[in-house]
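We name chains A, B, ... by the order of the sequence lines, and we start the count at 1 in each one. Both backbone and side-chain heavy atoms feed into the values below; hydrogens, waters and symmetry mates do not.
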Amino acid sequence: MTPNFYLWLIPILPLAGAAINGFFGRRSSKLAITAVALVFSFAAFFMALLTAWGFSSAQAPYFCNLAHWVRSGTFQVDFSFYLDQLSLVMLLVVTGVGFLIHIYSVGYMWDDDGYYRFMAYLNLFMFFMLTLVLAKNYLVMFIGWEGVGLASYLLIGFWFTKDSAASAGKKAFIVNRIGDFGFLIALFLMIKHFGSLDFAKVFSQVTAWPTETAGVGTLTAIGLLLMVGAAGKSAQIPLYVWLPDAMEGPTPVSALIHAATMVTAGVYMVARSSAIFDRAPMAMTVVAIIGTLTALFAATIGIAQTDIKKVLAYSTVSQLGYMFMACGVGAFSAGIFHLMTHAFFKGLLFLAAGSVIHGVGGEQDMRKMGGLRQYMPVTFATMGIATLAIAGIPPLAGFWSKDEILWKAFNANWVYWLVGVLTALITSFYMFRLMYMTFGGEYRGRRAAQDLKHQPLDAHATHDSHGHDAHGHGEPHESPWVMLGPLVALAVLSLVGGLVGIGGRFEHFLAPVFEGTAGAELARQTAGEAASHTTEYLLMGVSVSVSFLGWLLAYVLYSRRPELPARIAHSLGGLYEAVVHKYYIDELYAALFVKPLIDGSTTILWHGVDQGVIDAAVNDSASAANHVSDAVRHMQSGNLRSYAGWVAAGGAAVIAYMVWMGVR
Amino acid sequence: MFHLILFLFFGAICVAGAVNLLVQSHPINSALSLIAVMGSLAVEYLLLGAEFLTAVQVIVYAGAIMVLFVITIMLLNAGKEEGSGGSRVAILLGIPGVLIATLLVAWTVLFHSNTRAVPLGALKGDPRAIAQLLFHDFLLPFEITSVLILIAIMGAVVLTSRPEAVARGPRRDG
Amino acid sequence: MMVPLSYYLLLSGFLFVCGVIGFLIKRNIITIFMSIELMLNGVNLSFVAFAAQWHVLSGQVFVFFVMVVAAAEAAVGLAIIIAVYRTRETLNVDRVNLLKL
Amino acid sequence: MTILSMSLHSLPSLLAQAQTFQSPPFADYMRILPELILTVFGMLVMVVDPLLDPDRSHQSLGTLALVGALAALASTFWMAQYPGTAFTNMVRVEPFSVFFHVLIIAIAVVSILISFEYLRVQRIRAGEYYGLILFGTVGMCLMSSAIELVLIFIALEISSISTYILAGFRRHNATSSESSLKYFLLGSFATAFFLYGVALMFGATGSTNLDTINQMLSAGNGHMPMLAYVATALMFVGLGFKVASVPFHVWTPDVYEGAPAPVVGMMSTGPKAAAFAVLLRVLFEARAPGYFWLLWVSAALSMTIGNVCALVQDNVKRLLAYSSIAHAGYLLVAFVAQPDLGTSAAMFYTAAYAAMNVGAFAIVSHLAAANERYVTLEDYAGLGRKSPVLAATFTFFLMSLIGIPITGGFFAKFYVLSAALKSNLVGLAIILVLNSALGAYYYLRIIVLMYMREPRSDVPVTRLSVAAALAISACVVLTLFLGVVPGGVLDYAALSGAQLVRDTAVAPVLEGSSSAQP
Amino acid sequence: MVPMNMDSFNPIILSLVTFIPAVGGLLILLIPRRDRDIKVFALVISTLAFVASLHLPVHLHRDPNLFKFEIDKVWVTNPNIHYHMGIDGISVWLVVLTTFLTPLCVLISWTSIHTRVKEFFILLLIMESALIGVFTSLDLFLFYFFWESTLIPMALLIGVYGHGRKVYAAVKYFLFTFIGSMFMLAAILWLYAKTGSFDFVVIQNAIRSGNVPGFEHASLWLFLGFFIAFAVKVPLFPLHTWLPDAHVEAPTAGSVLLAGVLLKMGTYGLLRFDVGLFPDEARRNAPWIMALALIGIIYGALVSLVQPNMKKLIAYSSVSHLGFVVLGIFSFTAAGLNGAVFVMLAHGVATGGLFMLAGILYERRHTYEINEFGGLATPMPRYATFFLVTVLASVGLPLLNGFIGEFLVLSGAFQARPIYGILGATGVIWSACYLLWMYQRVFFGQVKLAVNNTLPDLNRREKAALSPIAIAALVMGVAPMVWLSAIDPAVQSTLQAALAPVTQLAGKMVGQ
């Protein structure tokens with residue numbers, strides 16, 4: 001049977017799981033919860049595989065129209081799903097990685113009080129994410145779009161008793177909302193100009209439009225606004241600030257949402273809207289520039305971070321930058337390719353980091369780690385693979401995708417390529433730095449037992465999983481297999497995942513989606529002429545060597561001469577400080593937007609306008625009326641003769657008036 | 001000529017009396033001057049031929065009513081009125097207004113009341129003719145005045161009699 | 001020799017006004033009441049004058065009624081004055097101002 | 001006309017006397033039947049009074065008076081059967097006068113009912129009290145049906161003098177006598193103006209019969225004698241005083257505050273209604289000239305000053321006094337409108353206002369307790385807690401005074417407004433609207449006090465006597481009736497108004513109708 | 001599914017729905033002062049009304065006329081006031097919203113009202129009748145009557161059963177709305193004076209056919225007359241200050257009805273009467289009105305952002321949300337109007353729910369101060385969940401009811417005037433800011449005050465009161481077509497009516 005019939009099932013299944021766990025989880029046993037969560041997420045994964053099996057580019061794209069959702073006048077939006085090569089890729093990634101992380105979470109969260117909540121949230125996230133990727137129109141996509149935001153809000157703030165976690169969740173949601181604002185406006189523009197939000201309808205009309213070479217036309221506006229949305233969701237400049245904080249969430253969440261799937265939604269959306277971007281070169285340029293800058297910017301921050309998850313977070317931001325760079329230069333397929341590989345190795349990295357944290361009893365500061373290689377070999381191995389992959393060491397997954405992007409970028413404009421390469425250098429540097437600091441050298445961490453009490457709940461969660469030694473947490477130790485399994489699986493994927501891209505097979509697979517776009521042209525010409533092959537290999541060599549260079553640097557600084565970094569940092573002084581403090585961007589935003597907003601609203605609007613002006617006006621007019629009344633009533637002096645005076649005067653006035661009337 | 005002289009003479013008395021009523025500070029003097037006014041008014045009526053009214057004016061008004069006044073003054077032995085602070089409204093608004101109104105009315109009466117000049121005893125108001133009207137045309141008002149008188153009597157009785165209700169019941173003045 | 005009725009009217013008007021002014025300036029309640037009587041007298045005169053003007057006797061009858069009313073008013077008024085005097089021991093109208101504002 | 005011819009011929013001719021000396025026909029007595037009945041019962045009350053023990057006379061005398069009033073009320077029905085003029089054009093029975101008869105007598109009935117309890121509590125002599133109420137009612141009734149200025153004057157005096165006396169009835173209380181004095185002096189002062197106006201009108205037209213006046217005035221088509229203008233002005237002063245319209249309102253608050261509450265309830269509605277009737281007759285039947293802006297300004301001032309002054313009052317009676325000034329202003333708006341619309345609107349307003357205001361004063365006088373001790377707003381605090389029913393009723397009346405729907409007050413305002421708007425008096429209409437918004441404030445203050453403050457323990461609330469309960473419920477019913485199905489009353493008012501105006505168009509209709517049969 | 005004979009109700013159903021509560025309220029007078037019976041009775045009555053009102057949407061489509069279930073009887077001949085009722089796709093849902101919220105109000109007031117229970121429920125039910133009447137009446141006079149009738153009960157609910165500066169709040173509420181409505185009365189009377197009828201349809205036709213003498217000069221003033229009355233109720237920006245006070249001091253049920261239904265009277269009036277009668281003026285004045293609405297959206301949001309008092313925060317959020325409604329109405333686009341109506345309903349449910357939740361908290365702690373709480377998610381998880389759902393609905397999360405309306409409104413506004421759409425869309429951000437921040441401060445973090453550790457979670461009654469809200473929020477978000485399919489036709493006809501007179505006016509110009 002073709003996917004048309006059961007397409008809608010794929011998102012619904014996890015929702016069912018979420019519902020069941022959400023409603024009955026509180027009272028049902030952990031095993032039941034686990035069963036429900038895993039079964040439903042696996043079902044989704046299974047359906048996805050089924051779909052992939054039955055998928056034929058000939059019949060693609062598939063539709064599935066569930067029901068009317070909104071209709072007003074001529075404008076109508078349905079619950080309708082859509083499957084083409086692009087969404088298939090996303091589908092597999094989301095369900096696959098998602099399912100693995102579900103398994104991992106079972107081990108990681110087993111002893112948390114909110115286990116059922118966590119599982120329900122995860123399922124809920126799966127539902128929204130799948131809605132997002134399977135949507136047939138922008139509004140349903142927006143459901144997923146906002147929905148994943150909600151899920152991440154809930155999951156980041158999962159340990160809500162921790163203020164930092166709560167505010168991190170809020171921050172994530174609000175920053176995303178700012179992005180969504182742009183997205184919404186884009187949708188309004190589409191409604192205004194195309195009268196529909198359906199991909200097919202919109203794109204078919206767009207292709208009829210001329211390319212907006214000069215100035216900001218409608219399409220450019222739409223593109224830019226979509227990019228705002230994407231920037232919010234995929235943590236690009238200037239809206240990336242929420243992602244690092246999002247690390248407050250449990251590590252599986254960071255892996256699933258803030259590495260593998262949700263944050264890539266922006267990329268997916270831009271790729272999905274390739275038709276529009278294609279007609280708006282200026283928007284494309286903006287996307288490319290933002291992506292490039294973010295890549296470099298985030299990477300530099302990554303250098304100086306000591307929190308293992310923070311490092312990964314910034315590396316995620318930077319990698320996303322790569323993807324946008326790709327989309328910006330029209331290499332959408334390359335972007336998606338990198339998205340996929342990134343999902344593998346970054347997911348892996350996070351899970352491994354989680355396993356490390358779990359192993360050392362909730363410690364996240366790399367300075368307190370080190371020498372874990374002998375304690376947790378599997379974790380080390382898998383994480384190593386992931387590091388090689390992200391660093392772009394051939395033939396691992398990262399290499400292929402990153403190289404593809406750099407090559408496309410070079411064809412577009414060599415500046416992108418240069419920055420990209422630089423970023424690659426930094427990336428491999430801080431990744432290996434992370435490896436050395438974590439696994440190399442001696443174990444620097446104190447025995448976690450005594451400082452458990454002022455460890456965040458993350459520690460509790462993991463600590464409780466070893467209730468047998470109540471006195472605390474002895475040696476660092478390897479994680480249980482329920483957690484290691486997913487690591488291994490992802491490691492394999494990171495190893496071989498890139499091979500699908502060899503010879504542009506992946507690109508050709510996706511080609512129908514980006515048919516007729518500049519990206520396609522680019523693909524053809526770059527694939528076509530043999531002459532440029534030499535340059536291609538040259539560049540490949542450069543990037544690879546750069547990655548090795550980064551590795552070398554890290555090796556020197558953090559394995560051979562561990563005292564050097566401090567000195568370098570000292571010599572750099574202010575710059576280093578700035579980097580450590582993430583260039584004070586958060587502080588800047590606080591000073592620039594948050595504080596003025598709060599203070600302004602309080603003093604000017606509330607106390608000023610509302611109470612000071614409007615209410616005051618009302619009350620004053622009331623008291624004024626009283627004063628007037630008090631004045632007027634003194635007419636009633638109580639003196640008879642003055643009363644008579646009034647009467648007489650009034651009479652006189654009346655007579656005078658009447659006489660005048662008579663004379664006229 | 002005779003008519004005019006009489007009119008002017010008694011008119012002058014009226015005016016004098018009226019003014020005197022205002023300027024006198026002791027009520028009794030005012031009362032007396034008022035009597036003078038009424039008396040001379042009676043003569044004015046006579047000049048216009050209203051004999052019956054003249055009689056009634058002298059008997060009822062000057063006679064009965066003013067006596068009532070005088071008695072009251074005596075009863076309450078009202079002395080000279082002390083010059084307590086007057087009322088600004090009355091002086092500043094009332095008097096000027098009144099004067100203006102007076103001028104206007106006077107002007108109207110003089111030039112726009114298209115009244116004619118009349119001889120001495122213009123309209124004979126002898127008792128019979130009056131009675132004719134009173135008991136036929138104005139029968140109803142005449143009868144109704146009895147109610148008025150009745151009320152007046154009741155009022156006088158009620159208001160002047162000492163409130164025995166209070167004498168009986170415990171006195172509770174607010 | 002005839003006298004214009006307007007003279008009579010003027011006289012009556014003057015009396016009326018004197019009454020009004022008296023009401024305004026006099027302080028003794030009784031005097032004030034007297035000035036009301038003065039006003040009524042003024043009105044009476046103009047009634048009579050107009051009766052002559054229209055040669056209609058009813059004008060004189062009105063005067064009669066006015067007198068009756070005046071008598072009634074006098075009775076009641078003086079009774080009220082006495083009542084007031086009982087409670088306030090004064091005839092000065094300016095002192096009779098418990099009720100005000 | 002009659003008067004003119006009569007008096008001309010009646011110069012000494014015994015023949016004429018012979019044929020003119022004839023007692024009026026039966027119909028004429030029917031046309032003043034209510035007045036007769038009231039007078040008779042008034043005298044009965046006075047006769048019976050001395051025969052009873054003054055301690056226990058309240059009930060019986062009150063019942064007697066009540067019976068009389070009710071009989072009079074019933075008799076209006078027969079009166080209505082005999083339309084036409086009586087006693088040589090002294091009074092005219094027509095829907096207009098019937099309407100006001102019913103209204104005024106009804107007011108008297110309710111006031112008597114209220115007085116039952118009040119007199120007992122206040123230890124007031126019942127005989128004269130009820131007598132005066134009945135006689136005063138006679139005066140008011142005559143005012144509404146008289147078409148002869150002199151009769152109007154006398155009737156006016158009757159009603160005024162009786163109210164002067166009633167105002168002073170709390171004799172062991174300085175304020176009461178003071179209010180009586182002020183009312184009396186200013187009242188006679190104003191009456192003198194009115195009388196002077198009558199005189200001048202007589203001078204201008206040679207008659208005091210409204211129809212004749214109308215005829216004479218409209219005879220010199222367009223050109224009116226100057227005297228008529230001045231006369232109108234002076235009469236307006238007098239009547240404006242009676243209806244308490246600015247600038248002749250100054251007496252109202254003091255008098256209302258000092259006078260006994262039931263009397264205030266009566267005199268704020270009865271004489272007012274009568275005075276309005278007279279004003280209507282003078283303006284629309286006699287077609288007095290050039291009053292438009294006069295009333296316009298007076299109405300605007302009355303509304304505004306009344307409401308503004310009421311804002312800061314803390315004595316309920318005084319507050320209601322100011323509110324009555326404001327309502328007089330609303331009423332005058334109707335006078336400015338087109339005669340036919342205005343008349344009906346004004347008549348309806350008088351009725352509605354009577355119903356709600358008497359009701360309000362009924363409650364005030366009940367709560368006032370001995371010697372009217374509890375009449376400040378503070379005394380009403382928490383009434384909703386102490387006696388919900390009473391509070392709810394009072395709230396109802398206040399809502400009616402504000403002009404909330406399903407109350408008579410609403411429709412009253414409503415008709416006035418629509419009359420004004422139909423006559424394109426937009427400015428006045430807006431002033432009215434703003435004022436009723438302003439007025440809402442101080443009525444609301446009372447409601448707020450009653451419901452949203454803690455009750456004061458030192459203010460006792462006695463049980464409601466049967467009579468008072470009857471009176472109040474009657475007022476409620478009437479207000480509600482006028483508020484839910486105002487159609488009937490308004491139609492009657494419209495009819496009589498139209499007739500009033502039409503009659504004057506072809507005046508005088510009923511020539512020498514003293515012998516006219518129904 | 002509904003048997004045909006149900007149709008026999010159609011002529012009287014409106015009167016039934018309108019007056020069942022009032023009659024019930026009067027019946028309560030007869031019940032002896034045993035609070036429990038009174039509560040149960042009130043609950044039964046209001047539920048009955050709800051069930052009866054469900055007849056309306058079910059049978060709506062069967063009636064081909066513009067106004068369904070119409071009933072037109074003469075009430076007063078002079079002036080000719082008709083008892084003329086009828087509903088269309090717009091008002092029907094507002095009626096149902098009213099009847100839906102009232103039983104919940106009864107439930108929520110079960111224990112929070114101790115004193116003068118009888119009067120409370122009488123007022124509540126009378127209030128309900130008046131509210132329904134406002135939405136059902138087609139005779140301007142009848143409308144005005146019901147409109148005013150909501151005044152006193154609500155003022156009493158606030159002033160008698162409220163807390164804090166209740167009297168100030170009640171008086172403020174009364175005066176604001178009363179003064180506003182006086183202008184409307186004047187306008188209504190003007191129309192009556194000129195057309196001799198109060199009937200909405202008649203007057204509308206008279207105006208359209210242009211035979212109302214002097215209408216050209218008066219129309220602006222008439223429009224403003226109605227507008228002020230409605231703008232106060234909405235409340236639109238400069239006239240909104242009565243709302244926070246009224247809400248903060250009002251008892252829970254009062255707040256729920258106030259926010260849930262009362263404010264909709266204003267927006268409904270704008271839509272039905274201001275736009276319906278004076279479309280030209282409405283379009284002419286749309287720019288500044290939309291500007292005011294925008295100010296309301298942003299201003300309300302910013303002010304509520306910094307409120308230390310939970311209820312005040314919600315109140316200001318209503319100012320913001322109602323701004324959306326006005327924005328939609330005056331965008332004169334199908335989307336805008338549909339959205340406006342939908343926002344009315346959604347806001348009614350969501351904000352009603354928020355107030356109920358706030359009330360529940362107040363019952364436990366007797367304060368609305370946000371600082372008094374914190375970490376409540378630990379002691380009262382169920383409560384926190386309900387609160388979260390409601391907050392999200394109010395924030396406008398897709399698949400919850402808040403989203404559809406806001407989306408449609410904004411897209412409509414955007415089509416009309418892009419800049420308005422864009423500025424309005426910022427509201428999406430603000431709402432997230434203030435609500436989530438409030439949620440965080442109340443529920444997240446460690447429990448600061450020991451008192452809050454022992455707070456009991458929701459009991460069965462409260463759950464019974466809250467679940468309908470949550471369910472409604474979800475259903476409205478997932479299947480809005482149920483509502484829109486009824487709303488859309490009505491909106492379309494309104495829109496045509498509003499846009500038609502241009503040509504007719506032009507025709508008149510030509511004619512002259």
Side-chain angles (χ1 to χ4, degrees), chain A residues 72-73 597-664, chain D residues 178 181-187 189-190 193 196-197 204 223-238 240-241 245-255 257 288-294 297-298 301 304-313 318 321-322 438 441-442:
Chain A
S72 103
L597 205 62
I598 301 291
D599 299 352
S601 312
T602 319
T603 55
I604 299 169
L605 294 184
W606 182 30
H607 296 314
V609 177
D610 225 48
Q611 297 174 339
V613 178
I614 300 171
D615 265 5
V618 175
N619 300 339
D620 290 355
S621 55
S623 57
N626 283 347
H627 287 122
V628 171
S629 159
D630 217 26
V632 175
R633 75 180 195 164
H634 279 86
M635 204 182 203
Q636 302 290 336
S637 59
N639 182 321
L640 189 78
R641 298 188 302 148
S642 52
Y643 291 2
W646 287 111
V647 174
V654 172
I655 291 169
Y657 167 76
M658 281 307 243
V659 169
W660 178 67
M661 285 294 294
V663 175
R664 278 200 304 101
Chain D
E178 173 177 343
L181 175 75
K182 281 178 171 172
Y183 194 21
F184 167 72
L185 284 179
L186 289 168
F189 187 57
F193 276 92
Y196 198 30
H223 169 269
M224 295 247 185
M226 275 294 290
L227 280 179
Y229 285 94
V230 181
T232 318
L234 289 164
M235 286 203 270
F236 177 72
V237 174
F241 178 90
S245 72
V246 177
F248 314 114
H249 66 288
V250 271
W251 57 279
T252 326
D254 296 3
V255 173
E257 183 179 349
Y291 54 83
F292 180 83
W293 286 106
L294 206 59
V297 173
S298 179
L301 283 178
T304 315
I305 291 184
N307 281 324
V308 167
C309 288
L311 288 179
V312 290
Q313 297 302 331
R318 209 170 172 81
Y322 280 110
L438 183 60
Y441 176 69
Y442 55 85

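At least one side-chain heavy atom of D:Phe248 sits under 4.5 Å from a side-chain heavy atom of A:Val654. Counting heavy atoms from C-beta outward, D:Val312 and A:His627 have side chains that stay 4.5 Å or more apart.
Legend: residues meeting side-chain hydrogen bond (donor to acceptor under 3.5 Å, both in side chains) with A:Ser642, ordered by chain and number and at least two apart, are A:Ser637. Partners of D:Tyr291 according to the side-chain hydrogen bond (donor to acceptor under 3.5 Å, both in side chains) rule, which considers only residues two or more places apart in sequence or in another chain, do not exist here.
Taking both residues in full, the closest heavy atoms of D:Pro247 and A:Gly650 are given as CG-CA, 3.5 Å, listed atom of the first, atom of the second, then distance. Between A:Gly651 and D:Val237 the shortest heavy-atom distance is CA-CG2, 3.7 Å. When all heavy atoms of A:Met658 and D:Ala233 are compared, the pair lying nearest together is CG-CB, 3.4 Å.
Between A:Trp646 and the choices D:Val250, D:Leu186, D:Val246, the side-chain contact (heavy atoms from CB on, under 4.5 Å) rule is met once, by D:Val250.
Of the atoms belonging to A:Tyr643, heavy atoms from both backbone and side chain fall under 4.5 Å from chain D.
With chain A as the partner, the residue from D:Val230, D:Leu438, D:Leu311 showing the most heavy-atom pairs under 4.5 Å is D:Leu311. Note on A:Ala622, A:Gly662, A:Ser629: by heavy-atom pairs under 4.5 Å with chain D, the leading option is A:Ser629.
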